[in-house]
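Read the structure below first, then the notes.
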2 protein chains.
Amino acid sequence: MSQDGVDLERSLGYLLKEASSALRAAMEEVLRPLGMTVTHYSCLELLAQRPGLSNSELARGAFVTRQSMNVLLQALERDGYVTRPAAPPAGKALPTRLTPRGRRSLEKASAAVRSVEVRMLAGLSGDDQSEAVRILRSMIQSLRA
Amino acid sequence: MSQDGVDLERSLGYLLKEASSALRAAMEEVLRPLGMTVTHYSCLELLAQRPGLSNSELARGAFVTRQSMNVLLQALERDGYVTRPAAPPAGKALPTRLTPRGRRSLEKASAAVRSVEVRMLAGLSGDDQSEAVRILRSMIQSLRA
DNA sequence: TGACTCATGTCAGCATCCTGACATACGGTG
DNA sequence: CACCGTATGTCAGGATGCTGACATGAGTCA
């Protein structure tokens, strides 16, 4: 290995990517024994917090395309984790809901993911966490503009 | 669109992913006119800061696999942006270096990316940025453990 | 010296995800 | 009403990236 970074360790953009990547890896690690992927979990978690989300809304929330989310939803529906009405109640959007089975499956995954987040925040005070939320929100808003 | 997040907006993990995703999208947007992808740029930037990095080291730094970085390096070498010795000076690692052409290409991209980072940090004070660096480093370290 | 471990570069095969496109449905505005 | 812009679900097609595996080179330790 070469010498460590000069500029890189000071670049917020790089640190952001690094942290996000490490978080995803840690999540994959704890979700794999449960036979679940990160997108899989994200979808269930989104549905638990906001029942009735459409395919497109779930895709945006899980940071994948509508097409990818659609194949995932078809699998989840086939296996009985979620339900969608046969016909759209309005427009074209199909509101999706968790089944009891989906809810049970989510509980285990949620506990696993929560443990990862706890570990991630181990060295941070409550104030630090509030600051982090504020700063990240500011970054997101500025980038969207 | 449904009601906005209850728990989601408070989850540091989610905000992290959201910020990272927004940053990547913004970078893709400014790099596309230059015919460059984010991984492409990351590779050049890494080489500018640490000349002589091997394929594997570049892959780790750009958060892709060795295999993916290898095909990128082959293209970059073919087009004259980087050079690698025909035979490894030691072991199997081939130290890679930027050519003048690669350096010129990087300059434009670097300016574009810097403008994105400036925009991202628009609403943040210097203290905020230092805090962000400290907090992100703590998260990364805790996750690696 | 020999056995073991680890890291590297590279090959093949495959899964994943995205780009592009289409028909449809809603909301506004003339 | 007719038109236009936007959003949705869905269908291929293709590019991109990853997993798995192998041989090689270097370092470690008995």
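Letters A, B, ... are given to chains in the order of the sequence lines, protein chains preceding strands, and every chain is numbered from 1.
Nearest to the side chain of A:Asn70, among C:dT10, D:dC18, D:dT10, sits D:dT10. Comparing D:dG9, C:dC17, C:dG9 by their nearest atom to the side chain of A:Arg66 picks out D:dG9. Distance from the side chain of B:Thr39 is smallest to D:dG17 among C:dT8, C:dC18, D:dG17.
Phosphate contact (OP1/OP2 of D:dG17, side-chain N/O of B:Thr65, threshold under 4.0 Å): absent. Contact between the side-chain N/O atoms of B:Ser56 and the OP1/OP2 oxygens of C:dA7 is not found at any separation under 4.0 Å. For B:Arg60, a side-chain nitrogen or oxygen approaches OP1 or OP2 of C:dT8 to under 4.0 Å. For A:Ser68, a side-chain nitrogen or oxygen approaches OP1 or OP2 of C:dC18 to under 4.0 Å.
Residues A:Lys92 and A:Gln67 both approach DNA chain C. Their nearest nucleotides, taken by heavy-atom distance, put A:Gln67 toward the 5′ side. A residue-by-residue look at A:Val64 and B:Ala93 shows that B:Ala93 has its nearest nucleotide of DNA chain C further toward the 5' end.
The nearest whole Å value for the distance from the CD atom in A:Glu28 to the P atom in D:dT19 is 8 Å. In this structure, CG of A:Asn55 is placed 7 Å from P of D:dT10, rounded to the nearest angstrom. The nearest whole Å value for the distance from the CE atom in A:Met69 to the C1' atom in D:dT10 is 16 Å. Following rounding to the nearest Å, B:Leu58 (CG) and C:dA7 (P) show an atom-to-atom distance of 17 Å. Atoms CG (B:Leu73) and P (C:dG9) sit 9 Å apart, rounded to a whole Å. Between the NE2 atom of B:His40 and the P atom of D:dA15 there is a distance of 19 Å, given to the nearest Å. Taking atom CZ on B:Phe63 and atom C1' on D:dG17, their separation rounds to 16 Å, with Å as the unit. Protein atom CG of A:Leu94 is 12 Å distant from nucleotide atom P of C:dA25, rounded to whole Å.
Not counting sequence neighbours, B:Glu29 has no partner by the salt bridge (Lys or Arg N to Asp or Glu O under 4.0 Å) test. Residues that satisfy the side-chain contact (heavy atoms from CB on, under 4.5 Å) test with B:Glu107, not counting sequence neighbours, are absent from this structure.
Judged purely by distance below 3.5 Å, without hydrogens or angles, the side chains of A:Asp128 and A:Ser125 pair a donor atom with an acceptor atom. With hydrogens and angles left out, the side-chain atoms of A:Glu28 and A:Thr37 include no donor and acceptor closer than 3.5 Å.
Taking the six-membered ring for Trp and thresholds of 30 and 60 degrees, B:Phe63 and A:Tyr14 have ring planes inclined between 30 and 60 degrees apart.
The base of D:dG9 has none of its N or O atoms less than 3.5 Å from a complementary donor or acceptor on the side chain of A:Gln74.
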